[in-house]
Amino acid sequence: MIREKRFEHIIASLKTTGTITYSGMSRDLSVSEDTIRRDIDYLHENGLLSKVRGGAISRDKNPLSFQDRTDFLSTEKEVIGMKVQPLLKAGMSVFMDGGTTICAVAECLPTNTSLRVITNNMALVPLLARFRDIEVIVLGGNYDRDTQTNTGARTCDEAAEFVVDLYLMGTCAISKDFGITSAIREDGAVKKAMIKGSKTVVVLSNSNKVGANEPFVVCGLQGINVLVTELPSDDPKLDELRFKNLKII
């Protein structure tokens with residue numbers, strides 16, 4: 001059976017039962033458990049199910065889903081901020097650029113967080129100052145009062161001096177056709193510089209930016225690794241971004 005047909009059967013079974021196992025799907029589809037495991041890994045990465053020990057469960061049954069907590073979170077940005085937390089590991093070096101969503105991530109950090117943060121976001125600096133174990137490196141450049149960020153050639157040059165584990169990118173727009181685009185040329189240039197030095201690129205995007213385009217190209221979808229929105233990861237609005245080697249959270 002071709003892979004796409006297996007995907008259809010796996011998703012249909014989850015809608016019916018809420019839970020599947022590697023062994024059960026292996027019997028149903030007459031393929032090896034290793035094949036089913038790879039299929040489930042792929043569907044999990046694309047936000048269509050939740051992988052658990054021995055199989056998978058549907059997203060709406062996932063007790064760890066951030067969507068189950070939305071009643072306790074006052075804004076979409078706080079949902080995104082909470083979703084990002086498991087990606088941040090002690091001792092990481094992290095690029096964090098401009099935007100209020102990036103600030104929401106900082107507001108959600110545990111008090112014992114240990115990171116090195118390199119940023120051009122001046123609004124972020126006082127939020128991180130209360131964490132004794134976060135080293136903050138501020139990139140220089142021309143200060144933009146409207147965005148509260150430093151931009152320009154100096155910002156890009158200084159960003160190029162670093163190699164980081166993770167880049168948390170605040171996003172103006174993301175679409176399947178044009179990837180990440182920016183409303184401001186200088187902001188786009190900083191994002192490009194940060195991407196070059198990042199092992200993993202995580203895009204933070206409110207759902208109203210999904211499917212949108214801005215004038216200045218930052219990178220294609222192949223240039224990013226993870227997308228975090230406030231939506232459930234199986235929301236139909238995200239369908240156009242699936243199966244692009246992009247993990248959706």
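Every heavy atom of this structure was used, including side-chain atoms; hydrogens, water molecules and symmetry mates were not.
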Going through the checks in order, is the side chain to side chain donor-acceptor pair (under 3.5 Å) test met by S207 and E230?
CA-CA 7 Å; S207 57; E230 85 282 4; 2.5 Å; yes
Mind running side chain to side chain donor-acceptor pair (under 3.5 Å) on D97 and Y167 for me, showing each step along the way?
CA-CA 8 Å; D97 63 7; Y167 172 19; 2.6 Å; yes
S175 vs N213, test: side chain to side chain donor-acceptor pair (under 3.5 Å). Steps then yes/no.
CA-CA 7 Å; S175 70; N213 300 294; 2.7 Å; yes
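Between the side chain of K191 and the main chain of G170, a donor-acceptor pair closer than 3.5 Å is present.
Remark: D39 does not engage R3 in a salt bridge, criterion side-chain N to carboxylate O under 4.0 Å. Using a 4.0 Å cut-off between charged nitrogen and carboxylate oxygen, D41 and R38 do not count as a salt-bridge pair. The pair R154-D157 does not count as a salt bridge, with every side-chain nitrogen at least 4.0 angstrom from each carboxylate oxygen.
Atoms CD1 and SG, from I184 and C172 in turn, are 6.5 Å apart once rounded to the nearest 0.5 Å. Distance check, rounded to the nearest 0.5 Å: OG1 of T119 to CG of L124 gives 4.5 Å. Between atom CG of residue L227 and atom CZ of residue R242 there is a gap of 9.5 Å, rounded to the nearest 0.5 Å.
Two residues are said to be in side-chain contact when any heavy atoms from C-beta on lie closer than 4.5 Å; S198 and L166 fail this criterion. Inter-residue side-chain proximity for I195 and M169 is flagged as met; some heavy-atom pair is nearer than 4.5 Å. Side-chain contact between F7 and L43: present, with at least one pair of heavy atoms (C-beta onward) separated by less than 4.5 Å. Counting heavy atoms from C-beta outward, L49 and Y42 have side chains that stay 4.5 Å or more apart. Annotation: side chain of Q85 is in contact with side chain of C108 (closest heavy-atom distance under 4.5 Å). Side-chain atoms of I180 and K192, non-hydrogen and from C-beta on, never get closer than 4.5 Å to each other. Side-chain atoms of V203 and V228, non-hydrogen and from C-beta on, never get closer than 4.5 Å to each other. Within the 4.5 Å cutoff, the side chain of N225 has no heavy atoms near those of the L246 side chain.
When only modelled atom types and interatomic distance are considered, N142 and T151 share no side-chain donor-acceptor pair under 3.5 Å. A donor and an acceptor atom, one from each side chain of S23 and S26, are nowhere located under 3.5 Å apart. Side-chain polar atoms of T100 and K77 form a donor-acceptor pair below 3.5 angstrom. Side-chain contact, T147 with T149: a donor N or O sits under 3.5 Å from an acceptor N or O. Side-chain N/O atoms of D187 and S182 include a donor and acceptor closer than 3.5 Å.
By the rule that hydrophobic residues join a cluster once side-chain heavy atoms approach within less than 4.5 Å of another member, L87 and V117 end up as members of one cluster.
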